[in-house]
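First up is the structure itself, then whatever we jot down about it.
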Amino acid sequence: MSKQNSIVGAISIILGVSIITLSRNMNMFDESGMPGDRFWPYCLAWIFIGLGLLQWIDAYKKRATSDIAVDLASPPVRKVYLVTGIMAVYAVALCYAGFIASSLILIPTIMRIMGEKRPIFICITSALMVACIYVAFTTVFNSPLPESIFSE
């Protein structure tokens, strides 16, 4: 298992360095002092690098222990595969349906997969989450969210 952890750590570090490299021509802050195009990718890149280093340290500390077999077909792992597929569909749906419609479908779906069974709670939570994200990005961050291509 420590070999796989080392590989995941390396991929995380490579991804972080790639983000920093690819965003080097963007502005960190705009002329009014607000975070620019590079700010959030840059923060995310350092998080990837830090987590990759922590993964390496953890793999190094546990290298003396025996490897534990991992069942990649267990129900929890299959649930992760399902959620990953749903997130890929969500990423495509953002382009076509926009943020609000896509998120109002994604959030209840993920909540149901994670075991929430109360429909009223799912509806209220979904609506509040989408509303909070929308207000935060449009008002606080002054950043538009994806809109439907059909509304243009």
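Numbers for residues simply follow the sequence, beginning at 1.
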### Query
For residues 88-97, which residue pairs qualify under side chain to side chain donor-acceptor pair (under 3.5 Å), counting only residues two or more places apart or in two chains?
Tyr90-Ser103
### Message
Restricting to side-chain contact (heavy atoms from CB on, under 4.5 Å), what partner residues turn up for Ala97, sequence neighbours left out?
### Response
Ala101, Ser102
### Message
Quick test of your reading: applying ring pair (Phe, Tyr, Trp, His ring centres under 6.0 Å), list the pairs with at least one residue in residues 110-140, sequence neighbours left out, ordered by first then second residue.
### Response
Phe137-Phe141
### Task
List, by chain and number, the other hydrophobic cluster members for Leu15, where Ile, Leu, Val, Met, Phe, Trp and Tyr join if side-chain heavy atoms come within less than 4.5 Å, directly or indirectly.
Ile19, Leu44, Phe48
### Task
Apply side-chain contact (heavy atoms from CB on, under 4.5 Å) to Leu82 and list each qualifying residue two or more places apart in sequence or on a separate chain.
Ile86, Ile113
### Task
Would you mind listing every ring pair (Phe, Tyr, Trp, His ring centres under 6.0 Å) that reaches into residues 10-33, with sequence neighbours excluded?
Phe29-Phe39
### Message
I need the minimum non-hydrogen distance between Pro146 and Leu94, along with the two atoms involved.
### Response
CB-O, 3.7 Å
### Task
Could you tell me which residues satisfy salt bridge (Lys or Arg N to Asp or Glu O under 4.0 Å) with Arg118, sequence neighbours excluded, listed by chain and number?
Glu116
### Task
Would you please name every residue forming a side-chain contact (heavy atoms from CB on, under 4.5 Å) with Thr84, sequence neighbours left out?
Val80
### Task
I would like to know whether Met129 and Ile107 meet side chain to side chain contact (heavy atoms under 4.5 Å, CB included); could you show each step before the answer?
CA-CA 8 Å; Met129 287 177 72; Ile107 294 170; 3.9 Å; yes
### Message
Between Ile20 and Ile49, is the side chain to side chain contact (heavy atoms under 4.5 Å, CB included) condition met? List the steps.
### Response
CA-CA 10 Å; Ile20 289 172; Ile49 292 170; 3.9 Å; yes
#### Entry: Linked hydrophobic residues, Met26 as query - side chain contacts closer than 4.5 Å
none
#### Entry: For Leu128, all residues meeting side-chain contact (heavy atoms from CB on, under 4.5 Å), sequence neighbours excluded
Ile124
### Inter- and intrachain pairs under salt bridge (charged side-chain N to carboxylate O under 4.0 Å, His left out), touching residues 49-59, at least two apart
Asp58-Lys62
### Message
Looking at Met111, I'd like to know if its CE atom is crowded, meaning that more than 12 non-hydrogen atoms belonging to other residues, nucleotides or ligands lie closer than 6.0 Å.
### Response
yes
#### Entry: Pairs flagged by salt bridge (charged side-chain N to carboxylate O under 4.0 Å, His left out) wherever residues 81-99 is involved - sequence neighbours left out
none
